[in-house]
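So that the names make sense, note that chain A is the first sequence line, chain B the second, and so on, each numbered from 1.
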2 protein chains.
Amino acid sequence: MVRERILACAVELFAANGYDATSVQQVVTRAGVTKGALYHYFAAKEDLLFEIYHSLLTDQLARLDAIVARGADPATTLREIIRSLAETTSENSRAVAVFSREASRLDEERWQTLRAEWRRYQDTVRGIIRDAQEAGVFAAYASPEVISWAIFGVNTSMPTWFRPDGPKKAVEIADELADFVLAGLRP
Amino acid sequence: MVRERILACAVELFAANGYDATSVQQVVTRAGVTKGALYHYFAAKEDLLFEIYHSLLTDQLARLDAIVARGADPATTLREIIRSLAETTSENSRAVAVFSREASRLDEERWQTLRAEWRRYQDTVRGIIRDAQEAGVFAAYASPEVISWAIFGVNTSMPTWFRPDGPKKAVEIADELADFVLAGLRP
DNA sequence: GTGTCAATTCCGACCGGTCGGTATGCCAGT
DNA sequence: ACTGGCATACCGACCGGTCGGAATTGACAC
């Protein structure tokens, strides 16, 4: 309970003010505990960042695997992936904002762990696009790398412009993006 | 001369270690001067960030205006804009990385100034897409907002994956992206 | 060419304050 | 009696920024 509250407050503060600009004292004050409690559950401030990233990536990878496991055609699969990204991003917008901004703040070991997870996500998406292109189901105006970066780029930038109370819901944006991407992939 | 050297070193260090994690002392040490010199040219550490952003945005806006002034058809104009973005991003990759990461580190006044410049860039691109969509020259699978974010997203994420010594030059990536985007906009 | 003086450019010691992290111990539950 | 779950008090390091003054430069008179 305390552990979760500390993490939740850390996400909010890191998203609002940045990792370095947020002091451990601010985190524990907002969580209603003291530094003793924080350092009881976490060995270092960096572990807060790591946990935030790790749980986000774990969640996204689980969704991705579930989508791929359904074995639908490439267009449907890609649309589902884009939807899944938009959903997790809109639900965890602060964590995604922290993730895209403070990516290199971790030490080498922790960073490599997360990088491997993120790589798996990338490679899966690219594999789907590449296979479909080679099968002639998708057009190949652009490489899987550039296409995937266009998709990921929209998502990482979402926290800067997406407003949950705005006119468009996350899933609508996702479908717009999917329509556009799939139009660009139509043979 | 000294001023420029300080700025150049600041960009490198901010890109490598982040704004907050970089001390003024590190900047001046790398530049081969002392803190007195830095605070002779800049009123505060924040001004280093502001100058980095401002010169980058000024450059990009000038290129954008030049492209629009040529008055070519929407597809050509959009391709030129994408090329221009990829070029400036690859040439100033560290500055772009800092820009996308430390965007909210400035105080309100300086931030508003830059935000207005960036808004002008966004609105110009969106206007081109919207006008062409309304004229039936571009398809409207997605809104100008989502399409422009796809374009900008690729650029802001470029510093994380683009390697100048890699197999693809920046202009090739730009053309790939332009081909893909224009395919998605074909009526 | 040379001396003069003022402005510009820069030095580096120093300051108040904050930071991440630690040492110690209280206390409720078992 | 012992342990997990915290609070409190504190530390050394370091930070952004200041300040008095030392060099360096440039304009101008002679």
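Applying the side chain to side chain contact (heavy atoms under 4.5 Å, CB included) criterion to B:R126, with sequence neighbours excluded, gives B:Q122, B:P144, B:E145, B:S148, B:W149.
Protein atom CG of A:L13 is 12 Å distant from nucleotide atom P of C:dC19, rounded to whole Å. In this entry the distance linking CG of B:N17 with P of D:dC15 reads 12 Å, nearest Å. The nearest whole Å value for the distance from the CG atom in B:L49 to the C1' atom in D:dG16 is 14 Å. Atom-to-atom, NE2 of B:H40 to P of D:dT25 comes out at 14 Å; the value is rounded to the nearest Å. Rounded to whole Å, the distance from CZ on A:F42 to C1' on C:dG20 is 15 Å. Atom CG in B:D20 sits about 12 Å away from atom C1' in C:dC19, given to the nearest Å. Between the CD atom of B:Q25 and the P atom of D:dC14 there is a distance of 12 Å, given to the nearest Å. Between B:Y19 atom OH and D:dC15 atom P the separation is 13 Å, expressed in whole Å.
Comparing B:V2 and A:A21 by the nucleotide of DNA chain C that holds the closest heavy atom to each, the one mapping nearer the 5' end is B:V2.
Ring to ring, B:W118 and B:F152 are close: their centroids are under 6.0 angstrom apart. Between B:Y53 and B:F99, a ring centre-to-centre spacing shorter than 6.0 Å is recorded.
Salt bridge B:R120/B:D123: absent, no basic N to carboxylate O contact under 4.0 Å.
For the pair B:K45 and B:Y39, the cation-pi test (distance below 6.0 Å, angle within 45°) is failed.
Taking only side-chain atoms of A:A44, from C-beta outward, the nucleotide of C:dG21, D:dG17, D:dG5 with the closest atom is C:dG21.
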Candidate pair A:W161 and A:I173, rule side chain to side chain contact (heavy atoms under 4.5 Å, CB included), full reasoning: CA-CA 12 Å; A:W161 50 267; A:I173 292 172; 3.7 Å; yes

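If you check residues 30-39 of chain B against DNA chain D, the residues with a heavy atom closer than 4.0 Å are B:K35, B:Y39, listed by number.
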